[in-house]
Amino acid sequence: MPAFEPTHLNTERLALRPIIAADAPALLAIFSDPQAMRYWSSEPWTVLLQAEAYVDYITLGRQDGSALCFGVTLAAGGALIGTCTLYAFDHRNRRCEMGYMLSRAHWGHGYMPEALAAMLDHGFDTLDLHRVEADIHPDNAASERVLERLRFQREGRLRERWFVGGELSDSVIYGLLRADWHAARPR
Ligand SMILES: CC(C)(COP(=O)(O)OP(=O)(O)OC[C@H]1O[C@@H](n2cnc3c(N)ncnc32)[C@H](O)[C@@H]1OP(=O)(O)O)[C@@H](O)C(=O)NCCC(=O)NCCS
């Protein structure tokens, strides 16, 4: 698959940019927080090597066209406060999945919906996607609020799809069509 261009996106309060090797310590700080990782599909990270492996995965994904990850930074300051990612691309059917993580210190300010809106604009308008999916833990109310705000529709529940922290958990699947997005954001 064709590589994704290194992409920068700007919103009112945020700058989204490619993840680089120097981000590994900041990524470890974010992804090692057990509360932030409560509903993630893997355990909280414990060592820098995991963050470095993630940077490698993201870099490879951009090169082989399978994932496009943005580092989320505050426009005024530049520190990395989270990530949002389009991944699991099915290029033939013009669809992919979406994931996101914000440092707990920055929750509750609407930063992630703002970042995701910019990423979705890019996905639908520049990458020509037709559909974006999200898979969330049934108890992840904050994530559900974010998806509903972005006009994702709840499409179903898949049973016992993840085994995390010694527990099996279901997935709630959300979908957003290009038409839903453009209806919600007329231009
Ligand atoms: C889900 C997440 C991205 C939301 O980002 P955000 O920028 O805080 O989003 P918002 O500010 O719009 O808040 C969304 C909801 O989070 C909840 N929330 C806000 N502040 C919170 C806090 N300090 N603690 C717990 N929940 C909080 C609220 O329910 C809020 O909904 P409301 O605005 O209707 O009250 C963020 O909580 C996060 O990164 N969580 C951990 C990772 C995760 O679960 N990712 C999704 C996996 S699919």
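The shown structure was predicted, so the numbers you read here are calculated from the model rather than taken from an experiment. Just so you know, ligand 1 is whichever comes first in the structure, and atom 1 is the first atom listed for that ligand.
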In one Ile/Leu/Val/Met/Phe/Trp/Tyr side-chain cluster, 4.5 Å: Val72, Ile30: no

Give yes or no for whether the N/O distance cutoff of 3.5 Å, strictly under, is met between Gly108 and ligand 1. yes

Under 3.5 Å, N or O to N or O, is Arg149 touching ligand 1 that way? yes

Are the side chain of His91 and the backbone of Gly65 linked by a donor-acceptor contact shorter than 3.5 Å? yes

Is atom 46 (C) of ligand 1 touching the protein, meaning some protein heavy atom lies under 4.0 Å away? yes

Check: Ser66 main-chain N/O paired with Asp64 side-chain donor or acceptor under 3.5 Å: yes

Any N/O pair His106/ligand 1 closer than 3.5 Å: no

Hey, are the side chains of Phe31 and Thr83 touching, using non-hydrogen atoms and a 4.5 Å cut-off? yes

Taking every non-hydrogen atom, the tightest pair across Pro113 and Arg149: CG-NH1, 4.2 Å

Ligand 1 contact by Ser143, heavy-atom criterion under 4.0 angstrom: yes

Which is closest to atom 5 (O) of ligand 1 in terms of heavy atoms, His137, Met98, Met112? Met112

re atom 44 (O) of ligand 1, the protein heavy-atom contact at minimum distance is Asn140 ND2, 2.8 Å

Quick one: does Thr7's side chain get under 4.5 Å of His122's, heavy atoms only? yes

Are Leu102 and Tyr39 linked, directly or through intermediate hydrophobic residues, by side-chain heavy-atom contacts shorter than 4.5 Å (ILVMFWY only)? no

Check: Leu14 and Leu74 side chains under 4.5 Å, non-hydrogen atoms: yes

Considering only protein heavy atoms, determine whether one is less than 4.0 Å from atom 36 (C) of ligand 1. yes

Could you say whether the N/O atoms of Trp40 and ligand 1 ever approach to under 3.5 Å? no

Please list the nearest protein heavy atom to atom 39 (O) of ligand 1 with its residue and the distance rounded to 0.1 Å. Leu102 N, 2.8 Å

For Ile136, atoms of ligand 1 separated by under 4.0 Å from a heavy atom: 48 (S)

In this structure, atom 16 (O) of ligand 1 is nearest to the protein heavy atom Ala142 CB, 3.1 Å

Is there side-chain contact between Ser143 and Tyr100, with heavy atoms separated by less than 4.5 Å? yes

Are the side chains of Arg38 and Asn140 in touch, meaning some heavy atoms are under 4.5 Å apart? no

At under 4.0 Å between heavy atoms, which part of Met101 makes contact with ligand 1: side chain, backbone, both or neither? both

Any N or O of His109 closer than 3.5 Å to N or O of ligand 1: yes

Compare all side-chain heavy atoms of Phe152 with those of Met98 and state whether any distance is below 4.5 angstrom. yes

As a test of the contact definition, would atom 27 (C) of ligand 1 count as having a protein heavy-atom neighbour under 4.0 Å? no

Nearest protein heavy atom to atom 18 (N) of ligand 1: under 4.0 Å? no

To check you understand the geometry: which heavy-atom pair defines the closest contact between Arg151 and Leu176, and what is its length? O-CD1, 3.2 Å

For the hydrophobic clusters of this structure (ILVMFWY residues joined by side-chain heavy atoms under 4.5 Å, transitively), does one cluster hold both Leu150 and Trp107? yes

Counting both backbone and side chain atoms, is some N or O of Gly110 under 3.5 Å from an N or O of ligand 1? yes

the protein heavy atom lying closest to atom 25 (C) of ligand 1 turns out to be Trp107 CE3, 3.6 Å

What about Ala36: any of its N or O atoms under 3.5 Å from an N or O on ligand 1? no

Could you give me the CA-CA distance, side-chain angles and deciding distance for Phe89 and Phe4, then say whether ring pair (Phe, Tyr, Trp, His ring centres under 6.0 Å) is met? CA-CA 12 Å; Phe89 277 83; Phe4 291 115; 4.9 Å; yes

Ligand 1 contact on Tyr39 by region, counting heavy-atom pairs under 4.0 Å: neither

Kindly confirm or rule out an N or O of Val146 lying under 3.5 angstrom from an N or O of ligand 1. no

Residue part near ligand 1, for Pro113, under 4.0 Å between non-hydrogen atoms: side chain

On a heavy-atom basis, I'd like to know which of Glu97, Arg38, Arg145 is closest to atom 31 (O) of ligand 1. Arg145

